[in-house]
Amino acid sequence: MINTDQIKPDMPVVCSQDGQFATVDHMEGPGTIKLKKDETGQHHYIPVSWVTSTGDGKVKVDRPGDAAMVEWSTVSPDHIDQ
């Protein structure tokens with residue numbers, strides 16, 4: 001289990017192939033990571049369940065970067081039911 005207290009703003013988010021595809025903005029609730037805006041000015045959200053480690057100052061996820069960028073959300077899951 002990942003300790004979400006170790007996920008901090010400005011940490012690089014790296015894919016299963018060790019390439020950085022995003023940067024942490026902050027934790028959005030207990031199970032969601034809000035990412036900094038991309039080059040188009042859009043925030044994205046990924047679930048903590050994707051995270052495999054937070055070592056070396058990086059948030060590593062369990063999928064390739066291109067797959068993560070297809071599957072990430074542009075709406076926080078915390079706001080979907082509102």
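Numbers here are sequence positions counted from 1. Bear in mind the structure is a predicted one, so any value in this text is a computation, not a measurement.
Between His44 and Trp72, the angle of the ring planes stays under 30°, which puts this pair in the parallel group of the 30/60° scheme.
By the 6.0 Å contact criterion, NZ on Lys34 is enclosed, its count of non-hydrogen atoms from other residues, nucleotides or ligands being greater than 12. Heavy-atom neighbours of Asn3 CG from other residues, nucleotides or ligands within 6.0 Å: above the threshold of 12.
Looking at every heavy atom in both residues, Pro64 comes nearest to Ser16 through N-OG, 3.2 Å. Here the shortest heavy-atom pairing between Gly57 and Pro12 reads O-CD, 3.3 Å. In this structure, Val75 and Tyr45 approach most closely via the heavy-atom pair C-CD1, 3.6 Å. Closest approach of Ser76 and Glu28 over heavy atoms only: OG-CG, 3.3 Å.
How far CD1 of Ile33 is from CD1 of Ile46: 4.5 Å, rounded to the nearest 0.5 Å. For the atom pair Leu35 CG and His26 NE2, the distance stands at 10.0 Å (nearest 0.5 Å). Annotation: the span from Met27 atom CE to Lys8 atom NZ amounts to 10.5 Å, rounded to 0.5 Å.
Following chains of ILVMFWY side-chain contacts shorter than 4.5 Å, one can reach Met69 starting from Val24, so the two form part of one hydrophobic cluster. Hydrophobic clustering places Ile7 together with Trp50 (ILVMFWY residues linked when any side-chain heavy atoms are closer than 4.5 Å, directly or through intermediates).
Counting only heavy atoms from C-beta outward, the side chains of Val13 and Val61 approach each other to under 4.5 Å.
Proximity of a side-chain donor or acceptor of Asp38 to a complementary backbone N or O of Thr40 within less than 3.5 Å is detected. Side chain of Thr52 to backbone of Lys60: a donor-acceptor contact under 3.5 angstrom is found.
In summary, Lys36 and Asp10 engage in a salt bridge, as defined by a charged side-chain N under 4.0 Å from a carboxylate O.
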